[in-house]
Q: 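First, the structure itself, so that you have it in front of you.
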Amino acid sequence: MALLVWLPGSVFAAGTVRLVAAEMSPYIGPTHAQQGYVAELVKAAFERVGYRVDLRFYPLARARSLAAAGQADGLLPVSDSRALEDDFVLSAPFPGANGGLLKKRSLNLSYPPDAPGKPLDTLRAMSGLRFGAVRGASVSAAFDQADFLKRDYVDSDLQNLDKLALGRIDLMVVDKFRASDLMILHRPHLIGQMEFLRPPLFRSDFHVAFSRKAPNQAKLRADFNRGLAALAAEGRIDDILLRHGLSVRKAAVAGREVLTIGTVNNPDMLLMRKLSDEFVRQNPGLRIEWRVLDENSLRTRLMTDLATADGQFDVMTIGSYEAPMWAARGWLAPFDDLPPAYAVDDLLPPVRASLSYRDRLYALPFYAESSMTYYRRDLFQRAGLTMPDQPSWADIQRFAATLHDPAAGVYGICLRGRPGWGENVTLLTTMANSFGGRWFDENWKPELDSEPWREAVRLYVDLLQRYGPPDAHLNGFNESLDLFARGKCAQWVDATVAAGMLYNPKTSKVAGQLGYAAAPVARVREGSNWLWVWALAVPDSSPNKALARRFVQWATSSDYVRLVAAREGWVAVPPGTRQSTYDQAAYLGAAPFARFVSDAIRRSSNQLPGRNYLGIQWVGIPEFPAIGHGFGSEIAKVLGGELDVDSALRKAQADIARLMRDSGYLKP
């Protein structure tokens with residue numbers, strides 16, 4: 001671990017605050033969006049009063065030691081003040097952890113009727129049960145004082161989760177979001193088997209701990225508190241919580257219904273939020289609470305809702321991977337008896353099939369996509385290059401080498417680099433397919449250490465390290481779309497849905513110079529382009545199913561398509577779902593890519609020959625989010641120079657094999 005090296009304070013610009021932190025997922029961490037909710041909030045509070053924050057991450061013991069010695073101005077986040085009083089002074093509080101009691105759904109248990117607001121009395125009434133907690137972690141004053149409890153201490157939350165699953169403890173004391181993340185990323189076979197007792201029993205605040213040895217600690221603390229109060233008065237703390245998916249459902253106001261919708265921060269969904277004023281107009285007394293998140297955060301928070309029976313969402317944005325799997329588990333409400341005006345037969349057959357389970361629709365399609373190659377016709381013409389209708393990955397590499405000109409602000413290629421099964425893994429899987437690779441053999445043994453995967457990943461890394469933009473490992477779909485739309489990329493291989501934004505002069509500087517071709521191939525054509533549907537579903541846990549169903553029907557209807565066309569133009573309508581959209585001469589005239597996209601989707605399938613699983617860019621098993629997260633993180637480390645390709649693939653192979661054994665696919 002590198003030592004903390006900061007130049008003397010006098011060299012820094014006035015107003016720089018030096019902070020250290022330990023990763024505490026999902027609240028703060030170096031790989032989280034904006035480094036996590038806590039980091040974004042603390043930086044915003046300091047910036048509000050004129051400071052810049054220099055934040056660095058270390059293991060907890062190291063971070064605390066550095067701050068206690070005065071080598072940093074403060075440590076974050078902290079919630080237990082008693083162990084810090086000698087070395088630190090705490091800031092004003094801001095929203096922190098949501099601690100509670102996790103149990104197996106099969107255990108018939110609830111709080112006593114007068115439990116809320118009386119945690120010590122509640123614990124006393126449950127004194128006959130076995131509680132699991134993490135050694136050395138302070139949950140709350142009430143839990144610490146409840147010496148009458150049967151406690152079982154371990155070193156990590158993951159150990160406790162395993163003990164809970166095996167019935168060795170009755171209740172696990174844990175943060176709600178922490179528990180769900182552990183299940184999603186490490187124990188996916190437990191999703192749906194656990195639930196929290198409600199309401200949360202141990203809510204705790206976070207603080208910044210200012211070092212008593214740091215210069216000006218009293219002023220820094222006072223200024224931070226002033227900035228924090230300003231954020232609270234402006235409502236920005238709630239906004240930051242919402243952006244990270246860490247807010248909770250708000251109670252309905254008398255006489256008003258509240259519909260909570262979770263969606264991804266893609267341009268089409270942002271437009272849906274904007275146009276939802278029309279749905280509100282049609283439903284007086286309605287308030288919509290939007291949870292608009294980046295793709296990785298959305299998937300995790302939706303799974304939190306399902307993993308712990310939380311009931312936070314009325315409408316969820318899900319895809320072809322989730323719809324049939326979650327339907328089979330009874331998590332989604334079916335869309336039976338759709339009214340004739342919805343015209344369900346107008347939905348393109350592959351799209352409808354991908355959202356069905358046993359011939360029943362469990363989600364309705366908002367837009368559908370395949371993948372394609374985008375390129376700058378002006379740059380190709382200037383260089384004397386011609387893009388084939390069906391390029392190979394060798395073609396793409398050759399074009400990238402020729403057109404890469406960072407001095408002129410143009411990179412040879414842009415590709416998704418951000419880790420995540422819906423980000424870098426989506427592209428990498430189709431690349432591996434085209435080299436002849438696959439995730440698993442017929443016996444569920446992973447094949448990440450095979451030659452096709454090595455070829456695909458080496459090419460991917462070479463393209464981005466030599467011809468891609470800086471910090472490519474931070475770029476997902478939205479960041480890559482922005483780069484291409486601003487003229488920074490000569491080529492981009494990604495989703496067909498981006499065509500509507502790139503051909504729109506309102507949102508793209510290269511609309512007049514855009515060319516497109518099929519997604520690249522290597523040795524194998526099948527699986528080089530994907531089929532994905534972003535759809536809207538109603539979780540079975542929603543307390544507002546009828547209203548949620550009406551919203552989903554409205555947002556996925558042909559009437560909504562016409563509403564977008566009227567307000568934003570035909571080029572902006574959500575593509576890929578309805579034949580009636582492609583029957584519109586106005587759409588075909590505004591969207592030269594329309595027939596290409598329609599044909600690509602109609603030819604698509606989520607099943608490759610000779611494979612025992614569904615999915616072109618994903619694997620249709622519950623464990624895949626954990627698999628994809630781990631693998632995508634290893635590849636991001638390769639892009640960042642922390643690992644080489646062979647080491648990353650060997651580690652991924654071992655980690656995935658272990659997970660498949662733990663989940664029962666592979667024999668020990």
Side-chain angles (χ1 to χ4, degrees), residues 1-2 21 23-26 28-36 39 55-58 181 184-186 244 264-265 293-300 371 400 411-432 437 439 446 448-449 453-483 489 492-495 530 617-619 623-656 659:
M1 176 64 64
E23 181 171 2
M24 183 188 291
S25 185
I28 187 170
T31 61
H32 290 56
Q34 303 295 318
Q35 298 182 313
L55 175 63
R56 307 190 187 188
F57 287 90
Y58 293 90
D181 285 5
I184 293 163
L185 301 178
H186 300 284
H244 292 270
V264 67
N265 62 348
L293 308 172
D294 69 88
E295 189 168 325
N296 288 341
S297 297
L298 174 73
R299 287 186 162 122
T300 304
S371 55
Y411 306 104
I413 192 165
C414 292
L415 299 170
R416 301 188 194 194
R418 175 183 293 166
W421 74 266
E423 290 282 11
N424 61 351
V425 174
T426 287
L427 178 67
L428 276 164
T429 303
T430 58
M431 290 182 70
W439 277 94
L448 275 294
D449 57 355
W453 272 99
R454 277 193 286 271
E455 289 182 274
V457 176
R458 284 172 182 163
L459 174 61
Y460 168 83
V461 171
D462 181 75
L463 284 169
L464 283 178
Q465 287 187 338
R466 296 177 66 183
Y467 313 122
D471 297 322
H473 63 290
L474 301 178
N475 295 335
F477 169 80
N478 283 332
E479 292 78 13
S480 300
L481 171 62
D482 177 67
L483 284 168
C489 312
W492 181 33
V493 181
D494 214 296
W530 63 71
Q617 79 276 25
W618 42 265
V619 180
E623 292 74 15
F624 191 67
I627 290 169
H629 171 81
F631 178 66
S633 297
E634 295 303 316
I635 301 305
K637 291 177 184 176
V638 176
L639 288 180
E642 299 177 48
L643 283 178
D644 61 79
V645 170
D646 289 344
S647 297
L649 292 177
R650 281 195 302 271
K651 185 175 186 307
Q653 174 76 11
D655 290 347
I656 295 169
L659 188 151

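Every heavy atom of this structure was used, including side-chain atoms; hydrogens, water molecules and symmetry mates were not.
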Q: To the nearest 0.5 Å, what is the distance between CZ (Phe624) and CH2 (Trp421)?
A: 7.0 Å
Q: Just to verify, what does Arg650 make a salt bridge (Lys or Arg N to Asp or Glu O under 4.0 Å) with, not counting sequence neighbours?
A: none
Q: Can you tell me how far CG of Asn424 sits from CZ of Arg418, rounded to the nearest 0.5 angstrom?
A: 10.0 Å
Q: So, do Val264 and Asp294 sit near enough that their side-chain heavy atoms are less than 4.5 Å apart?
A: no
Q: Is any side-chain heavy atom of His32 less than 4.5 Å from a side-chain heavy atom of His244?
A: no
Q: Quick one, Trp439 with Trp618, criterion ring pair (Phe, Tyr, Trp, His ring centres under 6.0 Å). Give me CA distance, side-chain angles, the key distance, then yes/no.
A: CA-CA 9 Å; Trp439 277 94; Trp618 42 265; over 10 Å; no
Q: Taking NZ, NE, NH1 and NH2 as the nitrogens, is one of them in Arg458 or Asp646 under 4.0 Å from a carboxylate oxygen of the other?
A: yes
Q: What is the distance from atom CD of Gln35 to atom CD1 of Ile28, rounded to the nearest 0.5 Å?
A: 7.0 Å
Q: Hey, mind stepping through Ile627 and Leu659 against side-chain contact (heavy atoms from CB on, under 4.5 Å) and telling me if it holds?
A: CA-CA 8 Å; Ile627 290 169; Leu659 188 151; 4.3 Å; yes
Q: Which is it for Asp449 and Arg454 under the side-chain contact (heavy atoms from CB on, under 4.5 Å) test, yes or no, and what are the steps along the way?
A: CA-CA 7 Å; Asp449 57 355; Arg454 277 193 286 271; 4.3 Å; yes
Q: Do any side-chain atoms of residues 629-641 form donor-acceptor pairs under 3.5 angstrom with protein atoms, and if so which ones, sequence neighbours left out?
A:
residue : atom : partner : partner atom : Å
Ser633  : OG   : His629  : O            : 2.8

Q: Within a strict 4.5 Å, meaning less than it, do heavy atoms of the Cys414 and Asn475 side chains meet?
A: no
Q: Counting N and O atoms only, with roles assigned by atom type, does the side chain of Thr300 sit under 3.5 Å from a partner on the main chain of Asn296, one being a donor and the other an acceptor?
A: yes
Q: Is Arg416 reaching over with its side chain to a backbone N or O of Ser480, donor-acceptor style, under 3.5 angstrom?
A: no
Q: In Å and rounded to the nearest 0.5 Å, what is the CG to CG distance from Asn265 to Asn478?
A: 5.0 Å
Q: Can you find a heavy atom in the side chain of Phe477 that is under 4.5 Å from one in the side chain of Glu479?
A: no
Q: When rounded to the nearest 0.5 angstrom, what distance separates CG in Leu464 from CG in Asp471?
A: 11.5 Å
Q: State the CG-CG distance between Leu459 and Leu428, to the nearest 0.5 angstrom.
A: 10.0 Å
Q: Determine the minimum heavy-atom distance between Gly468 and Tyr411, stating which atoms define it.
A: O-CD2, 3.7 Å
Q: Partners of Asp655 by salt bridge (Lys or Arg N to Asp or Glu O under 4.0 Å), sequence neighbours excluded?
A: Lys651, Arg658
Q: Under the 3.5 angstrom rule, does the side chain of Thr429 hit a backbone N or O of Val425 as a donor-acceptor pair?
A: yes
